Peer 1: 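My questions all concern the structure below.
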There are 2 protein chains.
Amino acid sequence: MAQNDPDFSRVRVVLVETSLARNIGSTARAMMTMGLSRLVLVRPAHFPDPDAYALASGADAILDQAQVVDSLDQALAGCVLALGTSARRRELRVPECGAREAASLTWSHTQQQHEVALVFGSERVGLTNEQLLRCQYLVVIPTSATFSSLNLASAVQLIGYECRMHALAHAGTPPNAPEADEWDPPATVDAVAQMIQQMQTTLDAIGFLHGRSPVRIMRRIQRIYQRASLTSREVQILRGICTETMRALASVARSHPGA
Amino acid sequence: MAQNDPDFSRVRVVLVETSLARNIGSTARAMMTMGLSRLVLVRPAHFPDPDAYALASGADAILDQAQVVDSLDQALAGCVLALGTSARRRELRVPECGAREAASLTWSHTQQQHEVALVFGSERVGLTNEQLLRCQYLVVIPTSATFSSLNLASAVQLIGYECRMHALAHAGTPPNAPEADEWDPPATVDAVAQMIQQMQTTLDAIGFLHGRSPVRIMRRIQRIYQRASLTSREVQILRGICTETMRALASVARSHPGA
């Protein structure tokens, strides 16, 4: 799938005045899982820092290449689209959008070779109004009304996830398409019908159909296996159970020949 | 917005064999931001633990009420839908779905008053195959091909986010899910597990497992019935077949007493 990883080389994640180095590390990890690679740090309290590397869990390359700058202006240099983020709605006149819309905006801009910045404020106060006004949109993540304390790296994770989902959906590769198994193809309709027939014979032999409506009970059983979308091998297994049941009955009868 | 918070009271987050208490704390925080509240811990290495509370960032109520159990079976008791999670695709025939589809499944089940479990494995190995087979679906989060190290709390955050997004979009609108059949509700996860256990005993008695790998064959059989989304009555029918098979074997033996 590596060759299908979407191209996010024009997307930068900007962390503004992050206080805890471990949050920078977790952010790098979150970014890397979603295929984002460019990290810009505006006046971080501690960086570089061993805590950041400890929490990056192997996403060291992102930390090694992170750019540290003095101002949000520097961080946004060259960007066409800047998306600020917040876990709560604000009184500002910056237009709001959801993470899904943000992902769509991000993707369409990068497809036009535009640079995009996803901007995250400090842990305590988020983005200030001043900082938010540098962004075209405020991305609002709909947290619970009673608990909006979204971790910084979690916010990056969610927006990165939406970006990745959108990119995968629009890059021509389905994100989760199940692969066909050439060694065990889906069972044919007639193979399943024959199996059901054999089951009926077997259920009759063990006495399961006695006193019941065979038609109704066999319909129910048929529905179970239709819903299961059986493979060829699975049909073989289920038929094998029937065969073995008949053999067991016969063999018990044979081993007790005195009847 | 509090009155509009979706009702996730039938959704439990199950963490299996979590090694680090801080991940339990971050998970509680992630859950609470998305309005999830029920946490079940299967054999946590350290819990309760001050690290968990430190990382919960105020989501203490979830930790206070977390249920600690000895087995995944206990954690899944009463559930109709169990969704396992993985950052990578697996060789198993558990049907896969994305986080978005998982959210839709979760919501439609809770709307029918079904209990739902979102199941997350340990930090190191994720869910074992054995554990995954207790789930009807494997939720695959499409991480980067080159770096799939998704943090536990981040995985909970992403799936919780999708659940919340879906619920907010569908709250108030009548679900177009099929109506629950009050006479034949979906089978619970534990009822299916007991049925599989009885099947194994029966297959052993008829000799079907001789010369085969019981573990592998039982896994295949388990997958068939998981895909079928059995109802309670269907479980009764399938168990009835097992009972009748044993009775038939015994009765043939009795009716041939001369051995």
Side-chain angles (χ1 to χ4, degrees), chain A residues 1-2 4-5 26 29-30 32-35 57-59 87 100 141-151 153-154 157-158 161 164-165 168 175-176 178 203 205-208 217 220-221 224-225 227-230 233-234 237-238 240-241 244-245 247-249 252-253 255-259, chain B residues 1-2 4-5 26 29-30 32-35 57-59 87 95-98 100 140-151 153-154 157-158 161 164-165 168 203 205-208 217 220-221 224-225 227-230 234 237 240-241 244-245 247-249 252-253 255-259:
Chain A
M1 196 157 77
N4 291 332
D5 264 1
S26 324
R29 178 180 182 177
M32 200 146 177
T33 58
M34 296 296 128
S57 205
R100 208 155 287 172
I141 295 169
T143 53
S144 166
T146 50
F147 190 84
S148 64
S149 169
L150 190 67
N151 172 255
S154 296
Q157 185 82 62
L158 288 181
Y161 163 77
R164 187 171 179 82
M165 288 295 285
L168 289 174
N176 281 316
L203 292 179
I206 63 169
F208 185 72
I217 206 94
R220 287 206 74 128
I221 289 173
I224 293 174
Y225 295 109
R227 283 205 309 272
S229 307
L230 298 173
R233 211 176 285 175
E234 287 166 351
I237 290 174
L238 293 168
I241 293 173
E244 213 62 53
T245 303
R247 195 174 296 167
L249 285 177
V252 171
S255 69
H256 295 73
Chain B
M1 196 158 76
N4 291 332
D5 265 1
S26 323
R29 179 179 182 180
M32 200 145 175
T33 58
M34 296 297 130
S57 206
E96 289 180 4
C97 69
R100 207 155 287 170
V140 178
I141 295 169
T143 52
S144 165
T146 51
F147 189 84
S148 64
S149 168
L150 190 67
N151 171 255
S154 295
Q157 185 82 62
L158 287 181
Y161 163 78
R164 188 173 178 82
M165 289 295 284
L168 290 174
L203 292 179
I206 64 168
F208 185 73
I217 206 91
R220 287 204 75 129
I221 289 172
I224 294 174
Y225 295 110
R227 284 205 308 272
S229 305
L230 298 173
E234 287 166 352
I237 291 174
I241 293 173
E244 213 63 52
T245 303
R247 196 174 296 166
L249 285 177
V252 171
S255 68
H256 295 74

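Model, not experiment: these values are computed from the prediction. Below, each value reflects all heavy atoms present in this structure, side chains not excepted, and no hydrogens, waters or symmetry copies. We name chains A, B, ... by the order of the sequence lines, and we start the count at 1 in each one.
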Peer 1: A:L238 versus B:I224: any side-chain heavy-atom pair under 4.5 Å?
Peer 2: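 They are in side-chain contact.
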
Peer 1: For the interface with chain A, which of B:L249, B:T245, B:I241 has the highest count of heavy-atom pairs at distances below 4.5 Å?
Peer 2: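 Going by pairs under 4.5 Å, I would pick B:I241.
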
Peer 1: Taking all non-hydrogen atoms of both residues into account, name the closest pair between A:M34 and B:L158 and its distance.
Peer 2: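 Closest pair (atom of A:M34, atom of B:L158, distance): CE-CD1, 4.3 Å.
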
Peer 1: Taking all heavy atoms of A:I237 and all of B:F208, pick out the closest pair and write down the distance.
Peer 2: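 Looking at all heavy atoms of both residues, the closest pair is O-CZ, 3.7 Å.
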
Peer 1: Pick whichever of B:G35, B:S57, B:A153, B:S26 has the most heavy-atom pairs under 4.5 Å with chain A.
Peer 2: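 Option with the greatest count: B:S57.
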
Peer 1: For the interface with chain A, which of B:G58, B:A248, B:A59, B:A228 has the highest count of heavy-atom pairs at distances below 4.5 Å?
Peer 2: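 Of the options given, most contacts go to B:A228.
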
Peer 1: Which atoms form the tightest heavy-atom contact between B:D5 and A:S144, and what is the distance?
Peer 2: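 Taking B:D5 first and A:S144 second, the nearest heavy atoms are OD2-OG, 3.1 Å.
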
Peer 1: List the atom of A:E244, the atom of B:G207, and the distance in Å for their closest heavy-atom pair.
Peer 2: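 For A:E244 and B:G207, the tightest heavy-atom pair comes out as CG-C, 4.0 Å.
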
Peer 1: Does B:T33 form a side-chain contact (heavy atoms from CB on, under 4.5 Å) with A:I141? I'd like the steps, not just the answer.
Peer 2: CA-CA 10 Å; B:T33 58; A:I141 295 169; over 6 Å; no

Peer 1: Which heavy-atom pair separates A:M165 from B:P142 by the least distance, and what is that distance?
Peer 2: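 Closest pair (atom of A:M165, atom of B:P142, distance): SD-CG, 3.6 Å.
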
Peer 1: Would you confirm whether B:R29, through its side chain, and A:S149, through its main-chain N or O, come within 3.5 Å as a donor-acceptor pair?
Peer 2: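 Pair found, side chain donor or acceptor close to backbone of A:S149.
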
Peer 1: Tell me, side chain or backbone of B:R100 under 4.5 Å from chain A's heavy atoms, or both, or neither?
Peer 2: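 Contact with chain A is through both the backbone and side chain of B:R100.
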
Peer 1: Report yes if the side chains of B:L150 and A:Q157 come closer than 4.5 Å at any heavy-atom pair, otherwise no.
Peer 2: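 Sidechains of A:Q157 and B:L150: in contact.
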
